Amino acid sequence: MGAGHAHDLYRHADTPLHRLPPQCKLVAVLLFVLAVVATPRDRFWAFGVYALLLAAVAAVGRVPAGYVLRRVVVEIPFVVFAFALPFLASGPTVDVLGVDVSRDGLYGAWNILAKGTLGVVASILLAATTPLRDLLLGMERLRMPQLLVQIMQFMLRYSEVISGETGRMKVARESRGFQARDVRQLPVVAKSAGALFIRSYERGERVHLAMLSRGYTGTMPVVTDVRASAAQWGVSAALPAAAALACAVAWLAGA
Amino acid sequence: MHVPDGFISAPVSVAAGVVAATGVAVSLRGARRELDERAAPLAGLVAAFIFAVQMLNFPVASGTSGHLLGGTLAAVLVGPFTAVLCMSVVLLMQGVFFADGGLTALGVNITVMGITTTLVGYGLFKVLVAALPRTRRSVSGAAFVGALVSVPAAACVFTLIYAVGGTTDVALAKVAGAMIGVHVLIGIGEALITAATVSSVLAVRPDLVHGARGLARTLELRDGALPTASAAPTAPAAPTASSTTQA
């Protein structure tokens with residue numbers, strides 16, 4: 001359990017990107033996304049530059065494009081919203097394929113699609129090249145409060161256990177003929193949620209007692225120290241620096 | 001309702017990030033008071049519970065299903081500070097590891113779905129519990145109202161943030177109408193399942209429900225004569241498994 005769960009998104013490999021300390025990657029991704037969000041939406045070339053940067057990062061980390069594309073589906077609800085925008089927004093209209101749509105809405109849709117997709121891809125690349133546990137260590141190195149990091153560690157370790165319980169309760173319900181058809185079945189779902197809460201809470205109490213009996217004093221021992229050298233910070237600064245440059249040029253030079 | 005990157009302008013995202021960080025910092029202190037040194041494992045497990053419960057879909061109307069946000073539920077069950085922490089951690093996880101909700105929009109997401117739902121839901125719950133008679137039924141009723149209002153309230157706060165830093169020019173009235181309209185419906189589902197969940201936990205382990213702390217009667221010492229065998233004493237926290245489905 002302590003050995004770092006391989007989670008949904010992580011792809012094991014040994015590349016320079018995988019070897020980079022997690023805190024460097026976290027900061028780099030955050031700054032990159034900030035630069036993307038701060039870019040004016042009508043500088044189309046800048047978004048091309050960002051996409052190329054991400055493609056380069058993916059190539060270094062040997063993350064295949066198909067893998068990234070399959071993961072982008074989390075974005076779908078907002079894509080739907082973006083496609084509705086040209087019809088919802090007000091202001092001057094333009095003619096697209098014979099349909100009058102709002103010019104501003106079209107820009108808005110582009111804005112959300114481009115920035116949202118770049119953000120999602122950046123997060124996917126981060127998660128694909130960094131094990132969960134390392135990301136948490138990285139957050140700790142970035143001075144995130146210890147208690148918060150511990151809570152996240154527990155959540156990660158036990159989310160599979162709790163999801164497993166949810167799954168078994170679902171099987172148990174359905175093997176007794178339960179089918180969630182409409183609102184009348186809600187009490188059953190709620191009682192399952194209640195039972196799940198009690199089980200989770202009691203497990204938390206047992207975990208706490210087990211930790212106490214092993215000498216827990218409120219802080220977790222540091223087993224692996226992930227220090228980052230100046231050189232590593234320098235390497236990981238390449239992505240946000242390039243993005244910041246593109247952003248600055250976009251602001252100054254225009255379309 | 002997970003907001004992606006680019007939906008809210010950069011300055012407003014940063015401002016919301018500051019609000020969220022402040023809220024989390026305050027909650028970290030409060031959670032230590034609520035749970036003392038058990039905070040880490042218990043809040044972690046409750047966060048895992050919220051994460052799992054969000055996957056529990058319930059049918060709303062023909063064909064569509066909704067799921068719980070869980071802010072009010074967590075606040076009633078484990079206390080408001082721990083609830084904010086749990087919700088924030090769940091949102092952080094979804095943003096960082098599952099790319100659901102943008103990194104720069106994390107502040108907006110935590111402010112709207114974590115802090116607002118918890119504050120509004122728990123605040124209303126507290127007021128109602130104080131006003132109503134001290135029974136289990138009124139605790140679940142208060143949880144119902146709290147959850148019912150918390151979801152549209154979150155939608156209102158989102159609309160407010162959108163009004164300040166939205167990147168599209170959709171008329172504000174349209175956004176407000178759509179957001180609040182949809183979330184009133186979601187709120188009804190949230191309220192039903194929150195109330196039912198709280199009442200089912202109350203039936204089994206009333207001692208675990210943070211919002212029902214004042215409910216338990218103190219045990220009284222009886223002296224001398226033993227009660228007759230037929231009159232079973234009414235212990236406050238007697239686990240009665242009869243009314244639950246322990247699947």
Side-chain angles (χ1 to χ4, degrees), chain A residues 7 9 29-30 33-34 37-38 71 74-75 78 85 88-91 104 108 111-112 115-116 119-120 123-124 127 132 135 145 147-148 150-152 154-155 158-159 162-163 166 169 172-173 180-182 186-198 200-201 203-204 207-208 211 218, chain B residues 4-7 9-10 13 24-25 28 31-32 37-49 51-53 55-56 58-60 68 77 85-86 89-90 92-93 95-100 102-104 167-171 174 192-193 196-198 200-201 204-205 208 244-247:
Chain A
H7 63 104
L9 288 178
V29 168
L30 194 64
V33 181
L34 262 179
V37 172
R71 303 291 174 172
V74 291
E75 227 200 347
F78 276 93
L85 263 182
L88 288 175
S90 46
D104 202 69
N111 186 51
I112 292 175
K115 292 181 179 175
V120 167
S123 308
I124 290 171
L132 274 182
L135 272 178
L147 185 60
L148 206 58
Q150 283 185 34
I151 292 174
M152 285 195 277
F154 280 107
M155 181 199 154
Y158 287 97
S159 67
I162 306 290
S163 310
T166 324
M169 284 160 77
R173 276 199 307 271
R181 269 193 227 94
D182 56 51
L186 210 98
V188 178
V189 178
K191 274 169 192 154
S192 307
L196 189 68
F197 169 73
I198 294 170
S200 312
Y201 196 93
R203 189 183 291 276
V207 169
H208 175 242
M211 285 161 68
Chain B
D5 291 310
F7 200 80
S9 71
S13 300
V24 170
L28 275 171
R32 272 188 208 278
E37 98 287 20
R38 299 177 306 160
L42 276 182
L45 266 291
V46 174
F49 160 74
F51 195 66
V53 132
M55 291 189 282
L56 207 69
F58 57 86
V60 180
L68 205 64
L77 289 178
L85 280 189
C86 293
V89 163
V90 168
L92 189 71
M93 290 290 171
V96 177
F97 304 127
F98 302 97
D100 193 3
L103 278 187
T104 55
T167 53
T168 53
D169 259 3
V170 181
K174 272 187 199 166
L192 284 173
I193 198 161
T197 306
V198 167
S200 79
V201 177
V204 189
R205 289 284 304 268
L208 288 191
T244 55
T245 39
Q246 286 271 2

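By convention in this document, chain letters (A, B, ...) are assigned in the order of the sequence lines, proteins followed by strands, and residues within each chain are numbered from 1. Quick caveat, the model's predicted, so the values are computed rather than measured. The analysis underlying the following values was restricted to heavy atoms, covering all of them including side chains, and did not include hydrogens, waters or symmetry mates.
Residues A:Ile162 and B:Phe49 approach most closely at CG2-CA, 4.1 Å, considering heavy atoms. Across every non-hydrogen atom of B:Ser200 and A:Ala190, the tightest pair is OG-O, 3.9 Å. Residues A:Val37 and B:Ser9 share a closest heavy-atom pair of CG1-C, 4.5 Å. In this structure, B:Thr197 and A:Gly194 approach most closely via the heavy-atom pair CG2-N, 3.5 Å. Nearest heavy atom pair, residue A:Met155 against residue B:Ala48, reads CG-N, 3.7 Å. Nearest heavy atom pair, residue B:Ala43 against residue A:Ile151, reads CB-CD1, 3.7 Å.
In terms of heavy-atom pairs under 4.5 angstrom with chain B, the leader among A:Ser200, A:Pro145, A:Ala38, A:Ser163 is A:Ser200. When each of B:Leu28, B:Val90, B:Val198, B:Leu77 is scored by its heavy-atom pairs under 4.5 Å with chain A, the top score falls to B:Leu77.
With a 4.5 Å cut-off on side-chain heavy atoms, A:Tyr201 and B:Val201 do not count as touching.
Heavy atoms closer than 4.5 Å to chain A are found in the side chain of B:Val24, but not in its backbone.
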